[in-house]
Amino acid sequence: MASEPIHPFDLFSIDTLLSDEERDIRDTVRAMGDRELRPHVAEWFEEGDIPARELALKLGELGVLGMHLQGYGCAGTSAVSYGLACLELEAVDSGLRSLVSVQGSLAMYAIWKYGSEEQKQQWLPGMAAGRFIGCFGLTEPDAGSDPGAMRTNAKRDGSDWVLNGTKMWITNGSVADIAVVWARTEDGVRGFLVPAGTPGFTTSDIKHKISLRASVTSELVLEDVRLPADAMLPEARGLSGPLGCLNEARFGIVFGALGAARDCLETAISYAADRTVFNRPLAGFQLTQQKLADMSLELGKGMLLALQLGRLKDSGRITPERISLGKLNNVREAIAIARECRTVLGANGITLEYPVIRHANNLESVLTYEGTSEVHTLVIGSALTGIPAFR
């Protein structure tokens, strides 16, 4: 006899591991996503365009932009709460979570962590409210996993700085009011704040993507861009600056990827219950139940890992290799879940009537950005052996 089905997370009693405030924040973000984002996201994905400014204002009003930062109009929530918000946003679409991650964990965090008080006051309140959009210029056409190979340079000219170079695959690039650009100087790698409209600073969107289509991805070009001395982030020296920002963003991905996987699994379970094959529900076949059980197991294990990392971050005990562990496992399992769910939906799984192929395509990007699986594997291997194996 059939019984009432339960949610995969209920198998692990996930809600008992969350505080009332964390559940409230999660539910608030989920409700906003269901009400204002989910009805439009398939269209945005198909068109390869999003109303970025309108979304930034809505997300600012929701309070998720830089929500884990203290002061300057930011909510100052826990890391776990931020992670849960990322999960709910990516359950709608990875591109929307990317907008929030780049804004809060890369651009805003760089200013909050490494900027002067004047820079913080000038930019952070407006960014938290969504009035200003930020981007983070680190990756270059020939410098992705090896940021130390960057060619963008900044040279002194009197009291000014003059920047030249190109950045690639920059989320929010063409819609950003402020770009955090990393460049090589005589004093090592330094960060600079480049306002939109600065002479010599141009952007162009990357077209023909079949992944992260509900997201703005751009190239940044700097040709003799002249900046005043106070455009430099004073507290960031060397690659530790941008890498510290990337760890913040990777933490959000640890949770976020699970949102995409959860949405795929919920869709597959619902579809299998409704789809009749050989005069019975698809969900009633043993092979289908094996797929659903295996995916639920990996989703729940990923959630337990994410929550453990969140508690470590909130207690100040997180380390880069632990974040690498979470990003490696959870993105790898999320993309496997998305692909398996596609098989449950059959041919319907390749249409935008259902979210599964969209999530699968997006996760192909999440798998490699902000550290490929290979790089995170080597970070973990180095931690285990004490021997770096990057070269």
Side-chain angles (χ1 to χ4, degrees), residues 37-56 89-90 92-103 106-107 133-147 149-152 165-177 179 181 196 201-223 246 249 253 256-257 259-260 263-264 331 334-335 338-339 341-342 345 347-375:
L37 304 176
R38 196 177 293 275
H40 309 290
V41 71
E43 178 184 354
W44 295 336
F45 186 93
E46 191 164 28
E47 293 180 350
D49 193 22
I50 59 170
R53 294 216 164 268
E54 177 184 339
L55 288 174
L89 289 167
E90 194 146 356
V92 179
D93 193 86
S94 300
L96 301 176
R97 195 268 309 145
S98 291
L99 190 160
V100 170
S101 288
V102 169
Q103 177 85 342
L106 292 180
I133 297 176
C135 69
F136 186 84
L138 177 64
T139 300
E140 298 185 359
D142 298 315
S145 295
D146 181 13
M150 76 170 66
R151 297 178 181 177
T152 298
T166 302
K167 301 296 183 178
M168 183 64 82
W169 307 113
I170 308 303
T171 298
N172 300 346
S174 67
V175 296
D177 300 282
V181 174
F201 177 47
T202 58
T203 67
S204 60
D205 285 345
I206 297 171
K207 302 294 187 181
H208 311 301
K209 297 182 297 177
I210 58 172
S211 179
L212 289 181
R213 290 179 58 77
S215 177
V216 176
T217 310
S218 310
E219 177 187 36
L220 311 182
V221 178
L222 302 106
E223 297 179 313
L246 286 172
I253 293 173
D263 196 47
C264 290
V331 179
I335 198 168
R339 290 168 176 166
C341 287
R342 211 290 300 166
L345 270 68
N348 284 319
I350 69 166
T351 76
L352 289 177
E353 296 299 316
Y354 297 90
V356 175
I357 196 68
R358 176 168 52 80
H359 284 308
N361 281 9
N362 286 337
L363 287 167
E364 290 289 351
S365 293
V366 181
L367 187 68
T368 53
Y369 75 12
E370 299 191 23
T372 65
S373 292
E374 292 83 356
V375 165

Chemist: How long is the gap from NE2 on H359 to OH on Y354, to the nearest 0.5 Å?
Modeler: 14.0 Å
Chemist: Closest heavy-atom contact between L96 and L89?
Modeler: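 Closest pair (atom of L96, atom of L89, distance): CB-O, 4.4 Å.
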Chemist: Going from CZ on F136 to CG on L246, what distance comes out if it is rounded to the nearest 0.5 angstrom?
Modeler: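 Going from the CZ atom of F136 to the CG atom of L246 covers 5.0 Å.
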Chemist: Regarding R213 and D93, does a basic nitrogen lie under 4.0 Å from an acidic carboxylate oxygen?
Modeler: no
Chemist: Do D263 and R38 make a side-chain contact, defined as non-hydrogen atoms from C-beta onward lying under 4.5 Å apart?
Modeler: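 Yes; the side chains approach each other to less than 4.5 Å.
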Chemist: Looking only at heavy atoms, which two atoms of V41 and A214 are closest? And how far apart?
Modeler: CG2-CB, 4.4 Å
Chemist: Under 6.0 Å from the CG atom of L352, do we count more than 12 heavy atoms belonging to anything else shown?
Modeler: yes
Chemist: Within a reach of under 6.0 Å around CZ of R53, are more than 12 heavy atoms found that belong to other residues, nucleotides or ligands?
Modeler: yes
Chemist: Distance from I210 atom CD1 to S365 atom OG, nearest 0.5 Å?
Modeler: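 Reported value, rounded in 0.5 Å steps: 9.0 Å.
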Chemist: Any chance you could measure T202, atom OG1, to L222, atom CG, to the nearest 0.5 Å?
Modeler: 7.5 Å
Chemist: For a quick test of reading the model, state the closest non-hydrogen atom pair linking A107 to C135 and the distance between them.
Modeler: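 Here A107 and C135 meet closest at CB-O, 3.8 Å.
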Chemist: Do V92 and R97 make a side-chain contact, defined as non-hydrogen atoms from C-beta onward lying under 4.5 Å apart?
Modeler: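 No. Closest side-chain heavy atoms not under 4.5 Å.
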Chemist: Indicate yes or no: at least one non-hydrogen side-chain atom of L138 is less than 4.5 angstrom from one of M150.
Modeler: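 With C-beta onward as the side chain, the pair touches.
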Chemist: Please lay out, stage by stage, how S373 and V331 fare under the test side-chain contact (heavy atoms from CB on, under 4.5 Å).
Modeler: CA-CA 9 Å; S373 292; V331 179; 6.0 Å; no
Chemist: Would you indicate whether W169, at its atom CH2, is surrounded by more than 12 heavy atoms from other residues, nucleotides or ligands within a distance under 6.0 Å?
Modeler: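 It does not: W169 CH2 has 12 such atoms or fewer within range.
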Chemist: Looking only at non-hydrogen atoms, find the nearest pair between Y369 and L212 and report the distance.
Modeler: CE2-CD1, 3.7 Å
Chemist: At their closest point, which heavy atom of A334 faces which heavy atom of A257, and how far apart are they?
Modeler: CB-O, 3.4 Å
Chemist: Look up atom CD in Q103 and atom CG in L55, then write down how far apart they are to the nearest 0.5 Å.
Modeler: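 Reported to 0.5 Å precision, the distance equals 12.0 Å.
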Chemist: Under a 3.5 Å distance rule, please check whether E219 uses its side chain to pair with a backbone N or O of M168 as donor and acceptor.
Modeler: no
Chemist: Take I50 and L99 through the test side-chain contact (heavy atoms from CB on, under 4.5 Å) and record every step on the way to the result.
Modeler: CA-CA 11 Å; I50 59 170; L99 190 160; 4.1 Å; yes
Chemist: Kindly compute the distance separating OG1 (T217) from CG (D205), expressed to the nearest 0.5 Å.
Modeler: 8.0 Å
Chemist: Give me each pair satisfying side chain to side chain donor-acceptor pair (under 3.5 Å) with a member in residues 133-143, each pair once, sequence neighbours excluded.
Modeler: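 Applying side chain to side chain donor-acceptor pair (under 3.5 Å) to every pair that reaches into residues 133-143, excluding sequence neighbours, yields E140-T152, E140-K167.
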Chemist: Check whether any side-chain heavy atom of I357 lies under 4.5 Å from a side-chain heavy atom of T351, and answer yes or no.
Modeler: no
Chemist: Just by modelled atom types, is the N361 backbone N or O under 3.5 Å from a matching donor or acceptor in the S211 side chain?
Modeler: yes
Chemist: Assess whether a salt bridge exists between R358 and E46, defined as any Lys/Arg side-chain N lying under 4.0 Å from an Asp/Glu carboxylate O.
Modeler: no
Chemist: If I compare all heavy atoms of I133 with all of V175, which pair ends up nearest, and what's the gap?
Modeler: CB-O, 3.8 Å
